[in-house]
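Here's the structure we're looking at; comments come further down.
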Amino acid sequence: MTLPRIKVLALGGTIATRPDASGAMQMGLGADDLVAAVPALATLAAIDAETVSKVGSHSLGFDHLHALATKIAALDVDGVIVTQGTDTLEETAFLLDLLLDRDIPVIVTAAMRNPALTSPDGPGNLLAAVRVACDPWVRAHARALGVMAVMLDEVYAASDVLKVHPTRLNAFAAPQTGPLAALVEDRVVPLALPVREAITAAHARLAASAGGKAAPVALCWFGLDEPGFMIEALVDHPDRLGYRGAVLGAMGGGHVPERVVPLVERLAALLPTVVSPRAGGGPMLRQTYGGPSSEIALRKAGLIWGGRLHPLKARVLLETCLRAGLSRDIIAEVFDAFG
Ligand code: GLU
């Protein structure tokens, strides 16, 4: 029997750390080390391992991920596993999902517990990721599943997975939708297919996006009594700050404190500005509340509605749209499809 050909691309992260002389964990392991630590992989797949970088995911950039997507797009394999740090996995997986449109499984995995601890989860997560990549149901539905994250025996859609705890083993979840599949014994048990119309529509608009110029996006999170000084700085010094777009982590169904509304409106006139729910995702309101700080007023004033996307994912999508050179109206259309 011919085993599926799986490419493992290692970026770094806790999964790839080892202790230095002081006992502090440092990036150090490469893709071959990760694969060698899990002999059972050889019974599932013909693995080809490549170390792309040894970088903590908190230091990855959009350019790294664009280069990775270009590499993955050109691979002649049956599945791809990306190993990286957990800190930005919810963003990198979504970016890869926006940039790739392949009919093979592409899976991102990582580890919460480093290799020097008792019961590190990296080897088990890598084994689970390869098992998912080789699973017949997953392979048959690869395009419909999009890029996936596999953590702690659950499979998540890239657009929905969130890191919900900084240190716990069960740090990942898809609070809005739940997992796509679960691993039990040696089986992958399918649970759901993701709704991907908005991603597919984004793909059509982003088709030529690889290689565009970086487009920094500011992320402003609104808390109780926010005075708006950061928005003021964006509005007053757009060239000095260099941001090309902004995401506002808004309250409730899409509200900001009334005192900052004039600033937010000026910002929206200056840069594509997306309103996204600070509650962490879920469709926002469109036509319930009145008054100057309501969703009705903000939408009329030209704010782009972020739909169900978490602010971090909205930021990834906006950067990707701006980098691709999309106009404000097309960007609004891309976001509108997210609900
Ligand atoms: N901050 C590091 C990173 O994201 C380590 C955290 C982790 O991998 O869990 O790569």
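Remember, predicted model here, so these are calculated numbers, not experimental data. In what follows, every heavy atom counts, from backbone to side chain, and hydrogens, waters and symmetry copies are set aside. Atoms within a ligand are numbered from 1 in the order they appear, just like the ligands themselves. We count residues from 1, following the sequence as given.
Put simply, the side chain of Ile72 reaches to within 4.5 Å of the side chain of Leu100, judged on heavy atoms. Two residues are said to be in side-chain contact when any heavy atoms from C-beta on lie closer than 4.5 Å; Leu206 and Leu99 fail this criterion.
Under 4.0 angstrom from ligand 1, there are no non-hydrogen atoms of Ala110.
The N/O atoms of Thr88, backbone and side chain alike, include none that comes under 3.5 Å of an N/O atom in ligand 1. Geometrically, ligand 1 and Gln84 share no nitrogen or oxygen pair separated by less than 3.5 Å. At under 3.5 Å, a nitrogen or oxygen of Ser57, whether backbone or side chain, sits near a nitrogen or oxygen of ligand 1.
Test Ser276, Cys220, Pro311 against Leu248 for side-chain contact (heavy atoms from CB on, under 4.5 Å) and you get one pass: Cys220.
Aromatic ring pairs are classed by plane angle as parallel below 30°, tilted from 30° to 60° and perpendicular above 60°; the pair Tyr289 and His255 is perpendicular.
Looking only at protein heavy atoms, the nearest one to atom 1 (N) of ligand 1 is Asp87 OD2, 2.4 Å. Nearest protein heavy-atom neighbour of atom 2 (C) of ligand 1: His58 ND1, 3.3 Å. Closest to atom 9 (O) of ligand 1 among all protein heavy atoms lies Thr86 OG1, 2.4 Å.
Looking only at distances, a side-chain donor or acceptor of Arg323 sits under 3.5 Å from a matching main-chain atom of Gly212.
Within the model, atoms CZ of Arg18 and CD of Gln26 stand 10.0 Å from one another, a figure rounded to the nearest 0.5 Å.
The closest approach between Ala171 and ligand 1 stays at or above 4.0 Å for every heavy atom of the residue.
Across all non-hydrogen atoms, the minimal contact from Leu89 to Ala149 is CD2-CB, 3.7 Å.
Of the candidates Leu11, Thr14, Thr83, it is Thr14 that places a heavy atom closest to atom 5 (C) of ligand 1.
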